[in-house]
Amino acid sequence: MKIVLAKNSGFCVGVKNAVDTARSMSGGNNYVLGEIIHNADVVSDIKKNGLKVVESLSEIPDGARVIFRSHGVPESFYGICKEKNIEVIDCTCRFVQRTQKIVKEQFLSGKHIVIIGEKTHPEVEGLLGWCNGTATIIGSENDDLNELRQKNLCVVCQTTFSLEKFEKIIKNIKKVCEKTVDVFKTICYTTIERQEEVEKLSKSLEAILVIGGLNSSNTGKLYEIAARNCKNVFRLANAGDLDYSKLKNFKSVGIVSGASTPNAQPREVLLKMAENTEVKAVNEMDDVLAKIDNESKFKKGQLVQATISQATEEGLQILLPFSKKEVALSKDELDCEVYNAADYAGKIGDSIELLVVELKPNLKLSQKMIKILAQEEVLSAEISDGKEFTVTCTGFNKGGLTAQLGTYSVFVPAKEIRPGFVKDLEKYVGKNLRLRAIEIKKSGRKEIIASQRVILQEERDARDAAKAAKEDSFFDSIAVNDIVEGKVERVTGFGAFVSVNGFDCLAHISDLSWTGVSAVTDVLEIGKVYQFVVLKIDRENKKVSIGYKQLQPRPWDLVGDKYNVGDVIHGKVVRIVPFGAFIEVEKGVDGLVHVSQISHTRIETPATCLNVGDEVDAQIIAIDTDARKMNLSIKALLPEEERHSSRQNKSEDGEEAPQKRRSHRKVEDDEISNWSEGSIAGTSIADLLANAKNKK
């Protein structure tokens with residue numbers, strides 16, 4: 001008898017993850033929503049650990065933990081659990097999650113959702129909860145499709161549905177629908193591979209054994225495919241359902257199992273066939289066992305169920321199916337953080353699932369690689385959907401950069417490294433690359449051709465778009481004469497750059513102070529927030545000018561409050577004109593000393609007595625704030641006796657008076673002459689005032 005075991009058998013990645021998670025949670029306050037998989041034996045084992053199986057969230061108490069199985073649940077269930085403080089252990093298959101995402105996005109975009117699948121299947125029931133239960137369910141190519149005629153459709157499929165039926169239904173939909181039909185082929189690729197393999201085996205073998213839960217949808221699909229091509233198809237829940245007498249006369253038998261069937265069950269079926277007591281059957285099975293026991297017949301990448309027979313310091317000794325010969329399993333190939341032989345001593349006789357890694361020169365098995373490949377399978381599906389991934393560049397060649405992602409080699413063409421030309425490829429070695437797949441080659445040499453440029457370009461475009469939108473919003477919200485708040489970010493010799501609502505505006509140095517400044521930091525401090533007024537907007541060139549001084553009082557605006565007629569000020573001569581001298585009272589405020597107010601004696605020009613830069617005291621004799629004028633007098637501060645010196649020299653004799661006046665005038669003229677030539681002490685009005693004070 002020829003026995004053929006299907007290569008694609010046993011748990012898929014999603015189911016294995018859910019089952020392993022359930023087995024790791026025992027008793028207490030732990031629940032699983034619905035049967036973890038459609039396999040009675042597995043469900044029974046899980047229940048023995050104390051994990052409670054419920055059919056409704058209402059059965060789960062607040063604060064408990066719940067597993068969402070691989071079939072997925074409606075979106076609302078996550079919110080309900082949050083309200084009840086129930087911790088969710090989400091084991092939804094990645095392929096189902098992808099379908100959920102498509103349903104939600106397409107529904108929100110206005111499409112009518114069509115789900116091809118079994119109406120009562122948990123996955124389909126869950127998908128309905130991602131489009132408010134409005135989807136149309138189609139389970140047969142004979143279903144009436146007239147209601148879809150005038151609708152824009154998005155079509156998805158149950159991940160374990162029959163590929164053949166799916167394609168027939170899609171053809172029917174496209175014939176009937178007069179609007180847009182977007183089709184997403186969401187059948188899991190492992191499901192497709194299993195169905196294709198069963199199709200092939202059932203056409204070439206006399207009998208087929210289909211092993212798996214009798215309520216399993218994907219196992220049922222395999223049975224339907226096999227029965228369509230082969231007359232002798234037997235569906236078994238487990239080895240207990242096997243009646244070898246019905247098989248013994250067949251020359252060839254195939255064994256297939258569904259995605260929810262643990263690998264141990266096909267093995268148990270084979271062992272039962274091998275242990276058959278009929279001599280003829282034993283002889284036939286000997287040939288099969290010999291082939292299975294022959295290591296050279298293993299295929300690279302094949303999963304095998306072995307039995308732990310010994311635990312040593314170097315690793316484990318294991319027995320392969322139907323073999324009494326032990327094979328070494330290195331501790332480096334075990335899925336554990338730290339290997340300890342004592343930890344495995346109590347596991348002698350336990351089953352262990354292994355992957356055939358190498359065939360030559362010796363058979364090499366690995367448990368660790370199963371986990372790596374399972375992760376890669378999920379990652380590969382995500383990468384195929386455009387998910388970004390990261391690798392470290394390990395080398396380069398003439399065409400681009402090279403790296404490794406698990407068992408996949410990664411190649412990034414030079415033009416896909418970044419926008420623009422890259423001359424030096426060597427500088428990328430050892431650096432992380434953020435990539436998106438362009439092409440994935442799974443057959444032969446596994447390779448991912450990827451691009452970093454598309455990610456960087458998208459981010460640049462997004463930044464530019466965000467910046468443009470922000471600028472448009474800014475310019476729409478601002479106008480000349482608006483009062484705005486801004487933070488001083490940086491200063492230059494010509495002004496300060498101020499961030500106003502995230503946009504750089506320029507406050508020119510000339511617009512910082514009414515009195516002028518030599519440096520921006522004399523007025524503004526970096527990092528501080530001030531108020532400014534908008535002076536000019538140039539939307540086309542993206543420029544905004546703002547002023548600070550325009551919100552500050554001008555010096556003359558405060559003069560009326562600070563100064564009164566009669567006040568004495570101390571100032572500096574800033575300029576001299578023929579009719580007087582201007583004194584800087586304070587920054588931005590100048591007062592005029594008329595030539596007649598400089599000295600009691602007559603002078604021809606202010607320059608005779610004053611020089612630019614001289615500091616003098618003067619009395620305010622008039623203020624006109626509206627005209628911004630202040631009149632000052634220096635001579636008003638001179639001693640009183642000097643004002644009346646001519647009167648003191650006058651005699652009661654009328655004849656002598658003119659002579660005395662002339663004499664006095666001559667003395668004054670001489671003093672002015674000598675003062676103007678710098679020949680007497682006190683060469684300025686300031687000195688004269690000082691001398692006058694001393695005389696007092």
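Other residues, nucleotides and ligands place no more than 12 heavy atoms under 6.0 Å from the NZ atom of Lys47.
At distances below 3.5 Å, not a single donor-acceptor pair connects side-chain atoms of Arg69 with backbone N or O atoms of Val32. The closest donor-acceptor contact from the side chain of Thr134 to the backbone of Cys131 lies under 3.5 Å. Side chain of Asn152 to backbone of Thr180: a donor-acceptor contact under 3.5 angstrom is found. Counting only distance, with no hydrogens or angles, the side chain of Trp130 and the backbone of Glu105 share no donor-acceptor pair below 3.5 Å. Remark: the backbone N or O of Ile187 is not paired with any side-chain donor or acceptor of Thr191 at under 3.5 angstrom. Checked by atom type and distance alone, the side chain of Ser409 pairs as donor or acceptor with a backbone atom of Lys446 at under 3.5 Å. For Thr261 (side chain) and Ile211 (main-chain N/O), a donor-acceptor pair under 3.5 Å exists by modelled atom type. A donor-acceptor pair is defined here as one N or O able to donate and one able to accept, closer than 3.5 Å; such a pair exists between the side chain of Arg194 and the backbone of Ser257. Proximity of a side-chain donor or acceptor of Lys347 to a complementary backbone N or O of Ile352 within less than 3.5 Å is not detected. Remark: the backbone N or O of Glu123 is not paired with any side-chain donor or acceptor of Gln158 at under 3.5 angstrom.
Listed here is the closest heavy atom pair of Phe389 and Ala437: CE2-N, 3.9 Å. Residue Leu354 comes nearest to Ala306 through the heavy atom pair CD1-CB, 4.0 Å, listed as atom of the first residue, atom of the second, then distance. When all heavy atoms of Ala403 and Cys393 are compared, the pair lying nearest together is CB-CA, 4.2 Å. Considering all non-hydrogen atoms of both residues, Gly117 and Ile137 come closest at O-CG2, 3.8 Å. Scanning all heavy atoms of the two residues, the minimum distance from Cys157 to Thr99 falls at O-CG2, 4.4 Å. Here the closest heavy-atom approach between residue Ile67 and residue Ile36 is recorded as CG2-CD1, 3.9 Å.
Using a 4.5 Å cut-off on side-chain heavy atoms (C-beta onward), Ile208 and Val256 make contact. Inter-residue side-chain proximity for Val357 and Leu365 is flagged as unmet; no heavy-atom pair is nearer than 4.5 Å. Inter-residue side-chain proximity for Lys2 and Val4 is flagged as met; some heavy-atom pair is nearer than 4.5 Å. The shortest side-chain heavy-atom distance between Leu433 and Val412 falls under the 4.5 Å cut-off. Looking at Asn172 and Leu145, their side chains come closer than 4.5 Å, going by heavy atoms from C-beta outward. You'll find the side chain of Arg235 reaches within 4.5 Å of the side chain of Leu214, heavy atoms only. You'll find the side chain of Ile46 stays beyond 4.5 Å of the side chain of Glu35, heavy atoms only. Here the side chains of Val19 and Thr21 are not in contact, with every heavy-atom distance at 4.5 Å or above.
For Glu458, the salt bridge (Lys or Arg N to Asp or Glu O under 4.0 Å) partners at least two apart in sequence or on another chain are Arg436. With sequence neighbours excluded, no residue forms a side chain to side chain donor-acceptor pair (under 3.5 Å) with Gln367. Residues meeting the ring-ring contact (aromatic ring centres under 6.0 Å, His included) test with Tyr339, sequence neighbours left out: Tyr344. Evaluation of the salt bridge (Lys or Arg N to Asp or Glu O under 4.0 Å) rule for Lys179 yields no partner, not counting sequence neighbours. Under the rule for a salt bridge (Lys or Arg N to Asp or Glu O under 4.0 Å), the partners of Asp20 that lie at least two apart in sequence or sit in another chain are Lys16. Among residues two or more places apart in sequence or in another chain, the salt bridge (Lys or Arg N to Asp or Glu O under 4.0 Å) test is passed with Glu459 by Arg434. Here Lys151 pairs with His112, Glu147, Leu153 under the side chain to side chain contact (heavy atoms under 4.5 Å, CB included) rule; sequence neighbours left out. In terms of the side chain to side chain contact (heavy atoms under 4.5 Å, CB included) criterion, residue partners of Thr392 (sequence neighbours excluded) are, by chain and number, Asn432. Looking at residues two or more places apart in sequence or on another chain, you find a side chain to side chain contact (heavy atoms under 4.5 Å, CB included) between Val54 and Tyr31, Leu33, Glu59, Ile60. Annotation: side chain to side chain contact (heavy atoms under 4.5 Å, CB included) contacts of Ser351 (sequence neighbours excluded): Gln305.
Using modelled atom types and a 3.5 Å distance limit, the side chains of Asn229 and Glu199 yield a donor-acceptor pair. Side-chain contact, Glu224 with Ser162: no donor N or O sits under 3.5 Å from an acceptor N or O.
Sorted by first and then second residue, the salt bridge (Lys or Arg N to Asp or Glu O under 4.0 Å) pairs involving residues 209-223 (not counting sequence neighbours) are Glu118-Lys221.
With salt bridges taken as basic N to acidic carboxylate O contacts below 4.0 Å, one links Glu382 and Lys387. Residues Lys441 and Glu447 are paired through a salt bridge, judged by an N-O separation under 4.0 Å between the basic side chain and the carboxylate.
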Cut-off 3.5 Å, no hydrogens considered: what does the side-chain donor-acceptor table look like for residues 74-82, sequence neighbours left out?
{"from": "Glu75", "atom 1": "OE2", "to": "Lys104", "atom 2": "NZ", "distance (Å)": "2.7"}
{"from": "Tyr78", "atom 1": "OH", "to": "Asp90", "atom 2": "OD2", "distance (Å)": "2.8"}

Should Lys368 and Glu333 be marked as a salt bridge (charged side-chain N to carboxylate O under 4.0 Å, His left out) after you check the CA-CA gap, both sets of side-chain angles, and the distance that decides it?
-> CA-CA 5 Å; Lys368 179 172 65 178; Glu333 297 301 330; 5.1 Å; no
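The side chain to side chain contact (heavy atoms under 4.5 Å, CB included) test with Ile170 is passed by exactly one of Lys168, Glu167, Lys174: Lys174.
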